[in-house]
Amino acid sequence: QVQLVESGGGAVQAGDSLRLACTYTIRTFGVSGISYAVAWFRYPPGKKTEFVTAISGKGNNLGTADSVKGRFTVSRDNAKNTVYLQMRDLKPEDTAIYYCAASQIIVNVASTDDYDNWGQGTQVTVSS
């Protein structure tokens, strides 16, 4: 099991940047963070949860949604037990609660069903 805590959300103007952080704590003895892929999902108001991007335990990008490709970048620092989501050129349609999720086994990287560890979410609001 792993505990995840997101931070870095806030209210910004269109065109601004934000960097979200997902700090994880491994609760299973002998397991390191490199064992977990981490994904970012978002829950826009009035819509379904959307996959944003994901990164492997070793730092390889596992996929990025077309809607954010070229604007959002995922990275991780396993020494700091943190995964980052750098968001640039934010748009009002990026407004959502952003969640990070982790799993040791991924079949469909964009499916919420593949992740059994979730953070509490952080709100991002982009105004025009």
Side-chain angles (χ1 to χ4, degrees):
Q1 290 294 318
V2 57
Q3 180 179 357
L4 305 161
V5 178
E6 302 93 338
S7 61
V12 297
Q13 298 287 323
D16 285 350
S17 299
L18 272 178
R19 189 177 75 160
L20 304 184
C22 172
T23 302
Y24 55 85
T25 303
I26 308 297
R27 298 297 188 186
T28 305
F29 179 78
V31 177
S32 67
I34 201 171
S35 300
Y36 286 87
V38 175
W40 287 95
F41 289 85
R42 65 185 183 185
Y43 184 53
K47 298 183 180 180
K48 297 180 180 180
T49 300
E50 301 175 349
F51 169 76
V52 178
T53 187
I55 190 167
S56 73
K58 293 184 178 181
N60 298 312
N61 188 298
L62 298 176
T64 301
D66 288 341
S67 58
V68 305
K69 199 168 290 184
R71 300 188 297 121
F72 290 14
T73 303
V74 63
S75 62
R76 70 189 294 163
D77 184 341
N78 284 334
K80 295 183 178 180
N81 286 4
T82 303
V83 174
Y84 302 98
L85 180 64
Q86 178 67 52
M87 306 186 293
R88 298 180 175 88
D89 190 22
L90 283 160
K91 306 180 182 203
E93 51 264 41
D94 295 319
T95 295
I97 302 174
Y98 284 72
Y99 297 88
C100 61
S103 180
Q104 291 182 286
I105 300 174
I106 302 293
V107 176
N108 181 351
V109 68
S111 172
T112 57
D113 291 341
D114 275 30
Y115 301 87
D116 48 3
N117 302 281
W118 291 79
Q120 83 291 347
T122 186
Q123 177 72 47
V124 172
T125 302
V126 185
S127 57
S128 56

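If you read the sequence from its start, that first residue is 1, and numbering goes on from there.
- Across Ala96 and Pro45, no two heavy atoms sit closer than the pair CA-CD, 4.4 Å.
- Sorted by first and then second residue, the salt bridge (charged side-chain N to carboxylate O under 4.0 Å, His left out) pairs with a member in residues 99-111 form an empty list; sequence neighbours excluded.
- Ser103 places no side-chain N or O within donor-acceptor distance of the main-chain N or O of Asp116, the cut-off being under 3.5 Å.
- Taking CG of Leu85 as the reference point, atom CZ of Arg42 lies at 9.5 Å (rounded to 0.5 Å).
- Of the possible polar contacts, one joining the Glu6 side chain to the Cys100 backbone as a donor-acceptor pair under 3.5 Å is found.
- Qualifying side chain to side chain contact (heavy atoms under 4.5 Å, CB included) partners for Lys48, counting only residues two or more places apart in sequence or in other chains: none.
- Note that CD of Gln104 and CG of Asn117 are 8.5 Å apart. Values are rounded to the nearest 0.5 Å.
- Between Phe72 and Leu90 there is a side-chain heavy-atom pair separated by less than 4.5 Å.
- Expressed to the nearest 0.5 Å, how far CD of Gln86 lies from OG1 of Thr53 amounts to 12.5 Å.
- Here the CD atom belonging to Gln120 is positioned 9.0 Å from the CG atom belonging to Leu4, to the nearest 0.5 angstrom.
- Without hydrogens or angle criteria, Arg27 side chain to Gln1 main chain gives no donor-acceptor distance under 3.5 Å.
- Taking a 4.5 Å side-chain heavy-atom cut-off between Ile, Leu, Val, Met, Phe, Trp and Tyr, the cluster of Tyr99 extends to Phe41, Tyr43, Phe51, Leu62, Ile97, Ile106, Val109, Tyr115, Trp118.
- The pair Lys91-Asp94 does not meet the salt-bridge criterion, since no charged nitrogen lies less than 4.0 angstrom from a carboxylate oxygen.
- Shown here are the side chain to side chain contact (heavy atoms under 4.5 Å, CB included) partners of Asn108, two or more places apart in sequence or in another chain: Ala110, Ser111, Asp114.
- Of the inter-residue distances, the one linking Ser75 atom OG with Asn61 atom CG reads 10.5 Å to the nearest 0.5 angstrom.
- Contact detail for Ala14 and Pro92: the closest heavy-atom pair is CB-CD, 4.2 Å.
- For Lys80, the side chain to side chain contact (heavy atoms under 4.5 Å, CB included) partners at least two apart in sequence or on another chain are Asp77, Thr82, Tyr84.
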Please list, one pair per line, the donor and acceptor atoms closer than 3.5 Å that link side chains of residues 16-26 to other protein atoms, with sequence neighbours excluded.
unit_1 : atom_1 : unit_2 : atom_2 : d
Asp16  : OD2    : Gln13  : N      : 3.0
Tyr24  : OH     : Arg76  : NH2    : 3.3
Tyr24  : OH     : Asn78  : OD1    : 2.7

